[in-house]
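Here is the structure we will look at.
As the structure is a computational prediction, the values presented were derived from the model and not from experiment.
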Amino acid sequence: MLGLLTFIIIFGILVVVHEFGHFYFAKKSGILVREFAIGMGPKIFSHVDKEGTLYTIRILPLGGYVRMAGWGDDKTEIKTGTPASLTLNDAGLVKRINLSSHKVDPTSLPMNVTSYDLEDKLTISGLVIDESKTYQVDHDATIVEEDGTEIRIAPLDVQYQNASIWGRLITNFAGPMNNFILGIVVFILFVFLQGGAADPTSNHVRVVDNGAAARAGIKTDDQILQVGKYPVKNWNDLSEAVLKSTKGFKKHQELPIKVKSDGHVKTVAVQPKKVGNRYALGVKTALKTGLKDKLLGGFKMAADGALIIVVALKNLITGFSLDKLGGPVAMYQMSNQAAQNGLESVLYLMAMLSINLGIFNLIPIPALDGGKILMNVIEAIRRKPIKRETETYITLAGVAIMFVLMVAVTWNDIMRAFF
């Protein structure tokens, strides 16, 4: 249960933070944000701000989404013959189109819709008591969708395509940018929580409770001077010395380690623990505890994490394999393991996943933010907009590719986890 809760929290925070980036810069760029939702499924809370944006909390705690006018698959479709009720303002303009049976306005005008244009001409036509009529629609009118969600209509002047190139580009980049910012903030929090930033330049160590070094009498802040016959001056020396000294090691074999503790140098016998194909002493790097060190340590961990992800992405491209990818099932497994290891592990996982999400979304594939950014750049170079139909077809192709890939990755995760 704790693993599932951890997964929901991590996944939810990553997605909501990502979508908030798109939301904030879309508004700054003059794009109408029709809805900002936390969660999925039926809504349990809603609020409309003065600009007409609907904020909702939905029942399934699985991420969230942002609906921008004219962005992606955000469209208003009314089938011919659909019953609707129109609410008019004092000027005779339609200020509300109700397609739902959940929100009934007794003063509204019933109509069976035959045609509409809610983007350019702002009109709606239909049969009112067997008589065909056309009404002008107010620019800021709302439409109540069949599920009861009431949002603004999307005239062309407030749609995504009408924003400046720079506005669209920063709106698309803002999602990944927010994930990078979140990753850095969480890594800084991780560093503060563990008491400082790792200091790989030192041969001082922190001892893991009940580890091999602790059982041999080595204490936190002791200096390891030598492992076997190999001298140690820093963490890299220590790792290499343990690796070289344990080649051909047998079970229960002991390793001589020279240690400086409380000003005294002594040699202790340590029985390393085998972890996978390597042996571990049960020690961690020393910490730098200054405020500046902690802040810089968080940035360095974020940079190191990003480098690891980029290298992994490069290896995936040069040698593609589904086993190198992970979907929701793999993410749940990692969340479950992190929850068992404590808060520090959860924070580390969240930071790495956030940076990973940011980098992945910048891949120039249609349907991803990177694909949209690439189209923005092409448009800027051409100095004329890409046809909306062309952009839609490209995006749909990208969605199809990503859907097939996600299904394949999820199936592969399930097979690895349970079979």
Minimum heavy-atom distance [X]-[Y], with the two atoms named:
| X | Y | value |
| --- | --- | --- |
| Ala84 | Ile97 | CB-CG2, 4.5 Å |
| Ser335 | Thr6 | O-CG2, 3.8 Å |
| Val191 | Ala197 | CG1-N, 3.6 Å |
| Ala338 | Ser345 | O-CB, 3.6 Å |
| Ser46 | Thr56 | CB-CG2, 3.9 Å |
| Ile31 | Ala163 | CG1-CB, 3.7 Å |

Please examine the side chains of [Y] and [X], heavy atoms only from C-beta on, and report whether any two atoms are closer than 4.5 Å.
| X | Y | value |
| --- | --- | --- |
| Glu379 | Arg168 | yes |
| Leu255 | Leu281 | yes |
| Leu156 | Asn162 | no |
| Phe20 | Phe25 | no |
| Met68 | Glu35 | no |
| Leu86 | Arg96 | no |
| Glu240 | Tyr230 | no |
| Arg58 | Ile38 | no |

Does [atom1] in [X] sit with more than 12 non-hydrogen atoms of other residues, nucleotides or ligands closer than 6.0 Å?
| X | atom1 | value |
| --- | --- | --- |
| Asp147 | CG | yes |
| Phe192 | CZ | yes |
| Lys288 | NZ | yes |
| Phe249 | CZ | yes |
| Glu146 | CD | no |

Report the distance from atom [atom1] of [X] to atom [atom2] of [Y], rounding to the nearest 0.5 Å.
| X | Y | atom1 | atom2 | result |
| --- | --- | --- | --- | --- |
| Ile363 | Leu374 | CD1 | CG | 13.0 Å |
| Asp138 | Leu88 | CG | CG | 11.0 Å |
| Gln337 | Leu349 | CD | CG | 10.5 Å |
| Lys27 | Glu51 | NZ | CD | 4.0 Å |
| Glu150 | Asn98 | CD | CG | 7.5 Å |
| His139 | Asp157 | NE2 | CG | 3.5 Å |

| request: Please test Thr267 against Ile257 for side chain to side chain contact (heavy atoms under 4.5 Å, CB included), starting from the C-alpha separation and ending with a verdict. | output: CA-CA 5 Å; Thr267 298; Ile257 296 180; over 6 Å; no

[options] screened by side chain to side chain contact (heavy atoms under 4.5 Å, CB included) with [X], the one that passes:
| X | options | value |
| --- | --- | --- |
| Asn203 | Asn234, Leu225, Asp222, Val259 | Leu225 |
| Val227 | Leu243, Val270, Val242 | Val242 |
| Asp120 | Leu122, Leu118, Asp117, Thr123 | Asp117 |
| Ile13 | Val16, Val15, Ile10, Ile9 | Ile9 |

Is a side-chain donor or acceptor of [X] paired with a backbone partner of [Y] at a separation under 3.5 angstrom?
| X | Y | answer |
| --- | --- | --- |
| Thr53 | Asp49 | no |
| Ser202 | Asp199 | no |
| Gln161 | Gly70 | yes |
| Asp237 | Lys233 | yes |
| His204 | Asp221 | yes |
| Ser354 | Asn179 | yes |

| query | Asp369 and His18: side-chain donor and acceptor closer than 3.5 Å? | reply |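 Side-chain D/A pair, Asp369 to His18: present.
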
| Looking only at side chains, do Gln159 and Glu119 share a donor and an acceptor under 3.5 Å apart? | yes

| field | Pairing of Arg67 and Glu145 as salt bridge, 4.0 angstrom limit | value | yes

| Charged N to carboxylate O under 4.0 angstrom, Asp140 versus Arg152? | yes

| request: Could you list the residues that satisfy side-chain hydrogen bond (donor to acceptor under 3.5 Å, both in side chains) with Glu344, not counting sequence neighbours? | output: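 Counting only residues at least two positions away or on another chain, Glu344 forms no side-chain hydrogen bond (donor to acceptor under 3.5 Å, both in side chains).
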
| said: I'd like to check the side-chain hydrogen bond (donor to acceptor under 3.5 Å, both in side chains) partners of Glu254; sequence neighbours left out, ordered by chain and number. | reply: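 Counting only residues at least two positions away or on another chain, Glu254 forms no side-chain hydrogen bond (donor to acceptor under 3.5 Å, both in side chains).
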
| task | Applying side chain to side chain contact (heavy atoms under 4.5 Å, CB included), run through Leu32 and Arg34 and close with a yes or a no. | result | CA-CA 6 Å; Leu32 170 64; Arg34 305 178 79 188; 4.0 Å; yes

| said: side chain to side chain contact (heavy atoms under 4.5 Å, CB included), that's the test. Do Met350 and Leu14 meet it? Break it down for me. | reply: CA-CA 8 Å; Met350 181 187 294; Leu14 296 187; 4.1 Å; yes

| request: Go through Leu347 and Leu189 one step at a time and tell me if the side chain to side chain contact (heavy atoms under 4.5 Å, CB included) criterion holds. | output: CA-CA 8 Å; Leu347 290 176; Leu189 182 60; 4.1 Å; yes

| task | Quick one: sort the Phe23 and Tyr55 rings into parallel, tilted or perpendicular, breaks at 30° and 60°. | result | perpendicular

| query | What about the rings of Phe187 and Tyr348, do their centers lie closer together than 6.0 Å? | reply | yes

